[in-house]
2 protein chains.
Amino acid sequence: METIANNRCFEGEQLRLAHRAESLGCDMHFSLYLPPGARAGNVPLLYWLSGLTCTDENFVQKAGAQRYAAEHGVAIVAPDTSPRGDEVADDPEGAWDFGLGAGFYVNATEAPWSRHYRMYDYISEELPALLARHFPVDTERASIFGHSMGGHGALVIALRNPAHYQSVSAFAPIVAPTRCPWGEKALGHYLGPDREAWKNYDTCELIRAGALQLPMLVDQGEADNFLEEQLKTELLEATCADTGYEATIRRQPGYDHSYFFISSFIGSHIAFHARELEKSVSDD
Amino acid sequence: METIANNRCFEGEQLRLAHRAESLGCDMHFSLYLPPGARAGNVPLLYWLSGLTCTDENFVQKAGAQRYAAEHGVAIVAPDTSPRGDEVADDPEGAWDFGLGAGFYVNATEAPWSRHYRMYDYISEELPALLARHFPVDTERASIFGHSMGGHGALVIALRNPAHYQSVSAFAPIVAPTRCPWGEKALGHYLGPDREAWKNYDTCELIRAGALQLPMLVDQGEADNFLEEQLKTELLEATCADTGYEATIRRQPGYDHSYFFISSFIGSHIAFHARELEKSVSDD
């Protein structure tokens with residue numbers, strides 16, 4: 001592991017690191033914010049999963065999250081959004097919604113994608129173990145959130161691993177990738193034509209299949225250009241209504257899909273997770 | 001004037017605009033954050049001047065300022081850092097510290113720079129008039145701040161126009177451009193070899209020449225790689241000590257020159273200006 005940047009920020013440290021990712025078979029970068037409280041002992045951890053085209057840097061530069069992380073004494077790790085490197089297969093036409101920058105947080109089963117595209121394992125297994133080994137974070141007290149494709153990733157990973165996360169939240173998530181163009185393209189390539197296999201990576205399907213209740217918060221901008229065709233928040237609302245799954249789903253008038261939207265509510269999300277992480281201590 | 005972007009942010013509006021700048025003789029972009037309070041009437045205005053290589057977008061995306069601007073009910077305008085366009089002369093070697101992205105907030109007097117490089121007039125005259133005409137801002141209640149080259153610009157423009165700004169602040173400003181490589185290169189080209197003319201654009205020289213007292217706040221990171229050779233905060237400290245000019249100059253241990261530094265203290269600067277702008281109302 002190599003530290004490639006270290007900037008003091010809100011009295012803590014904004015780190016950028018490079019390492020060999022075994023699950024992905026390539027070198028990866030990730031960013032990690034350590035609040036000032038991490039100098040005194042292990043702190044709880046938030047995983048942030050970014051959306052299409054992003055690297056580990058967008059969130060760190062644009063969300064304004066460090067202030068809230070410092071206040072609440074939580075670390076935030078922001079991984080990249082796909083495997084990287086010359087040897088990693090990409091969309092043959094260089095599309096931005098598939099391949100590099102668009103790993104969709106799945107374990108691909110189809111060639112050539114299955115060789116490197118194992119972001120599900122990377123986020124849910126390799127990264128927690130790596131962080132616990134090298135940094136003052138308590139990976140037993142963790143929550144997960146993300147934006148768009150990363151909101152999908154956060155919801156899916158939390159719903160499939162409810163014992164590993166105290167809470168989950170998302171900004172403008174793709175809630176039903178089995179039923180939107182972005183998701184159908186990505187899952188079709190990564191997982192092949194059998195749509196049954198896709199359901200393991202679909203938030204609405206996982207809830208309908210009986211996923212355990214987790215504290216869940218979703219914000220969706222009503223001026224988001226992707227809402228109707230790709231994000232389909234109404235499918236999550238209907239799924240929760242049908243199943244009794246409790247989620248706070250907030251439609252925010254006037255907000256779009258950008259980081260200006262994320263920055264406006266990131267403080268609310270971090271406070272939400274901090275409350276749930278605090279409860280996890282009280283429960284002990 | 002054309003609105004080229006409008007994103008809701010902290011219940012206000014983050015705008016990006018394009019217009020013909022008469023003082024610069026070219027088309028320019030600038031960004032303007034309007035807090036939610038601007039829907040009810042004119043709000044006070046902060047001018048943010050960015051540093052070398054920046055456009056009007058860096059601050060808007062990276063500083064996390066909108067939250068504080070919304071809270072305090074102030075607008076923030078972020079202009080570009082030089083004239084722009086194919087017809088605008090640039091450093092013949094394409095250097096990043098001179099020419100495009102490096103206007104140094106002067107009115108150039110030397111050819112070929114004098115044709116377009118008139119950022120001093122643009123910031124101090126054209127932009128205020130334009131904003132007053134088109135937006136719900138009160139340009140009579142204004143303060144100014146900036147970073148690095150933009151910290152220099154903010155200090156110089158405020159010191160030369162003390163009636164137009166309630167307060168001034170800077171992050172890692174170039175306090176003595178007549179005595180550092182960045183400044184000597186820029187002022188030498190823009191203003192010619194007569195160093196007497198340079199003094200009108202040097203914060204320390206303006207204070208020594210008897211500039212009126214304004215509320216002034218400066219933050220400087222002690223891990224800033226440019227501190228020793230270019231920024232020379234100690235010259236401002238000595239100038240203030242010698243002349244009795246009152247300024248709050250804070251050295252911040254561990255912080256570097258990046259937006260992670262700016263974002264950590266931007267809230268403190270906006271609160272400082274908001275307090276001074278509030279006083280200006282009480283004085284009326």
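Below, chains carry the letters A, B, ... as their sequence lines are ordered, and counting in each starts from 1. Just so we're clear, the structure is a prediction, and the values are computed from it rather than from any experiment.
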Take atom CD in E222(B); do more than 12 heavy atoms of anything else shown fall under 6.0 Å from it?
-> yes

Does atom CG of N225(A) have more than 12 heavy-atom neighbours from other groups under 6.0 Å away?
-> no

Measure the [atom1]-[atom2] distance between [X] and [Y] for me, rounded to the nearest 0.5 Å.
{"X": "S258(A)", "Y": "R8(B)", "atom1": "OG", "atom2": "CZ", "value": "12.0 Å"}
{"X": "C9(B)", "Y": "Y259(A)", "atom1": "SG", "atom2": "OH", "value": "13.5 Å"}
{"X": "F10(B)", "Y": "F265(A)", "atom1": "CZ", "atom2": "CZ", "value": "8.5 Å"}
{"X": "F260(A)", "Y": "E13(B)", "atom1": "CZ", "atom2": "CD", "value": "12.5 Å"}

Which residues from residues 39-54 of chain B are near chain A, with near meaning under 4.5 Å between non-hydrogen atoms?
-> none

Okay, N7(A) and chain B: the region with an atom under 4.5 Å from a heavy atom over there is both

Top of S263(A), A223(A), G221(A) for chain B proximity - count of heavy-atom pairs under 4.5 angstrom = S263(A)

Enumerate by number any residue of residues 59-79 of chain A whose heavy atoms lie under 4.5 Å from heavy atoms of chain B; in the absence of such residues, state 'none'.
-> V60(A), Q61(A), K62(A), Q66(A), R67(A), Y68(A)

